[in-house]
Amino acid sequence: MKRSWRKLIAAGLASAMLCSAAAGASGNLPNLSAYPTTLLVDGMPAKDSPLPYYQDGEVLIPLRAVLESGGFTVTWDAQTATAVLTSADGQTYSVDTARGVLSAGAEQLWQDERLTVKDGTTYTSPELLEQIPGLTFQWDAATNAAIVTTPQPEGRTYVYDLGQGSLKNPSRPDTPYQMQGVVGVPGGEKRPVVVLLHGAHPIDKASENRYDLGFSYLVNELAEAGYLAVSMNIAINYSFEDGEPNGCERTVQVVEQQMEMLARAIGGEQGIFPCDLTGKGDLDQVVLIGHSRAGRDIFEVAERLPDLGVDGLLTVAPALISPFSGELPDVPTSILIPQYDGDVSTLDGAKIYDDLENDPERTASTELIYLKGGNHAGFSTALVRPDPFADAESIAATMPAEKQRAFFSQYTKEFLQSVLEEQQTPFADAQELPDQYADCEILMQADVPAKDLFSAVGADAQLTTEKAAADWVNASSTVDNTAGAFRLPGGFITYDLLRIRWDEPDAEISFPCSADLSGYTNLQLDLAQDSSDERNGQQDQQVVVMLQDARGNRAAVTLPAGTPALRWQQGEIERIPMWEGEDFLQYSTFTTLGTIRIPLEDFQDVDLSAIREIRLVFPSDAGSIILREIQAF
């Protein structure tokens, strides 16, 4: 029966990873009438404006707010209960609110039977607004947003439509699509270029469901910070319009084509974008940011479009729906995984981090940030409903979306600055990795080229224990798991670890080591407390790290209770029944490993050029920790 259960769990993993792909199927829009609406003007939320609202399941739009954002003057004739609308070029229209009639002079243009006056605000159907020329208006049922574009935006963001492009299709004629997005224009010239790509979410029609606008807030902030930022509409990659899409093939082509047009605009060609981009961007400095499925696909884009010369990758709540097709780019890479991600429930970013960390040819730094309290939707304003795949308890524990976006914005700007100025991730050289960032609780892993002193991979080290038990275990998402209820993010089939348990104080484990550490600055350990083990007593642990040299001299540094990787995480053991066998156990809370760094200069009176042993001592009465590796860098 274990064989059948293995298949069942593997199928569950595949289903979890494919949920984003399924959500992208055409004609699969959810009913969002119970969720907040948005009025977007040139990509940004309208300020101090009534919002669209649903009445009897159909949306109504605030007339004055939309038209004034488009340069119209709106006046009210109380005697006739008529709104008079005057465009910037003098065209006049009227709306008889008693009859719901839109007119141009004596000509009746539209009868709106759903027109409503509520609390002094006139609301109309989207169809009425579509009859008025002079501005671009669209209601997007997928993102619950009224989208208005004006000829002269007040801020730095411009929603663009570059016309129809075509994508090569291997099995039929080329696929048409609209080249859309939002661009943020910085001050100054030759500014670094940042490309943002959204994930797969419910789609009715790729050109109308504007998930790219969910990152307009970040595009605007990046433009303010001095970057030429572009969020591209790649919904055609997730839509079944014109046949089933092939992996991220359409995304690669969309990015290639729009970057070519961006290059032309930067070079001075006018009439492409709705704004002058002459000299604004430096295409020798390009960073890609991807969310959800695009969090995986940016690696493919960077690899398949080498002429882009991508300098860094920031992947956010990535979904691994298929293996990578080639080598992963050797550029600084940061990975953000939110704790309560019901969409990518296996937190696939941890698997990407492991792939990068274990690439022997890699020279660039990598960071993994586990955002406690975060969820899948909180990074984008376009995903208005709480994570539809998360349970009610997780949704209740999720941080406010505004806080999550503030975290994302702050980290993104620090990532860009570090990558473009220092060619590394923000915390690559940090002596101590933070457990708080932008007022959010985090847990970090960080990887730089380093010297391996111990690795659980392969399980062949000769270890010595005193009052402790050490076991080689596999933290797997299948029945091959031997790590008990300890639950790593990443959906691994094989992930080797060393589990260390003790039931009396001052237990020890020793790792033989013959190393010259005099040329290194830090000792680095990747480990975690096994919160599922009752030995820890729901308490934080402390560990004494000791080095011994060839002459027997010893020096020790204590990692105190409260060190992020050694903290107990609240949760409970969940039991998944198996047929005719033992239950499959997993802890309800993911436990990502944490990276702990100790300056080697803190080990006093020991010869770092002749280290022969690394010893871990556990002062508490009992406990259990999980160790992956020990390195020097």
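Residue pairs that meet the side chain to side chain donor-acceptor pair (under 3.5 Å) test with at least one member in residues 305-325, sequence neighbours left out, are R296-S322, E300-S325. Among pairs with a residue in residues 391-413, those fulfilling salt bridge (charged side-chain N to carboxylate O under 4.0 Å, His left out) read E221-K413, at least two apart in sequence or across chains. Judged as a salt bridge (charged side-chain N to carboxylate O under 4.0 Å, His left out), the pairs with a partner in residues 62-71 (not counting sequence neighbours) are, in order, R64-E68.
Residues satisfying the side-chain hydrogen bond (donor to acceptor under 3.5 Å, both in side chains) test with Q258, not counting sequence neighbours, are Y160. Qualifying side-chain contact (heavy atoms from CB on, under 4.5 Å) partners for S166, counting only residues two or more places apart in sequence or in other chains: D174. Remark: N31 engages S33 in a side-chain hydrogen bond (donor to acceptor under 3.5 Å, both in side chains) (not counting sequence neighbours). By the ring pair (Phe, Tyr, Trp, His ring centres under 6.0 Å) test, Y340 is found to be paired with no residue, residues two or more places apart in sequence or in another chain being considered. In terms of the side-chain hydrogen bond (donor to acceptor under 3.5 Å, both in side chains) criterion, residue partners of T175 (sequence neighbours excluded) are, by chain and number, N169, D242. Take S69 and apply the side-chain contact (heavy atoms from CB on, under 4.5 Å) test, not counting sequence neighbours, and it matches V41, V148. For T333, the side-chain hydrogen bond (donor to acceptor under 3.5 Å, both in side chains) partners two or more places apart in sequence, or in a different chain, are R362.
Within a 6.0 Å sphere centred on CD of Q152, other residues, nucleotides and ligands contribute 12 heavy atoms or fewer.
No donor-acceptor distance shorter than 3.5 angstrom exists from the side chain of N375 to the backbone of D341, with no hydrogens or angles considered. Within the 3.5 Å criterion, the main-chain N or O of A406 finds no donor-acceptor partner in the side chain of D439. With hydrogens and angles ignored, the 3.5 Å screen pairs a side-chain donor or acceptor of T412 with a backbone N or O of F408. Of the possible polar contacts, one joining the R250 side chain to the I236 backbone as a donor-acceptor pair under 3.5 Å is found.
With salt bridges taken as basic N to acidic carboxylate O contacts below 4.0 Å, one links D96 and R99. Of the charged side-chain nitrogens involved, none lies within less than 4.0 Å of a carboxylate oxygen, so that R114 and D112 do not count as a salt-bridged pair.
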Kindly list each side-chain donor-acceptor pair under 3.5 angstrom involving residues 126-135, sequence neighbours excluded, with atom names and distances?
{"unit_1": "E127", "atom_1": "OE1", "unit_2": "S125", "atom_2": "OG", "d": "3.2"}
{"unit_1": "Q131", "atom_1": "NE2", "unit_2": "E127", "atom_2": "O", "d": "3.0"}

Pairs under 3.5 angstrom only: tabulate donor-acceptor contacts from the side chains of residues 184-191 to other protein residues two or more places apart or in another chain.
{"unit_1": "R191", "atom_1": "NE", "unit_2": "G226", "atom_2": "O", "d": "2.7"}
{"unit_1": "R191", "atom_1": "NH2", "unit_2": "G226", "atom_2": "O", "d": "3.4"}

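In this structure, CD1 on I298 lies 11.5 Å from NE2 on H291, to the nearest 0.5 angstrom.
F407 has its ring centre less than 6.0 Å from the ring centre of Y437.
Between T121 and D119, the side chains place no donor N or O within less than 3.5 Å of an acceptor N or O (distance only, hydrogens not considered). Side chains of S231 and D212: no donor on one and acceptor on the other come within 3.5 Å.
Nearest heavy atom pair, residue W76 against residue T82, reads CE3-O, 3.6 Å.
Taking the six-membered ring where the residue is Trp, H376 and H201 present perpendicular rings, their angle passing 60° and hence far from 30°.
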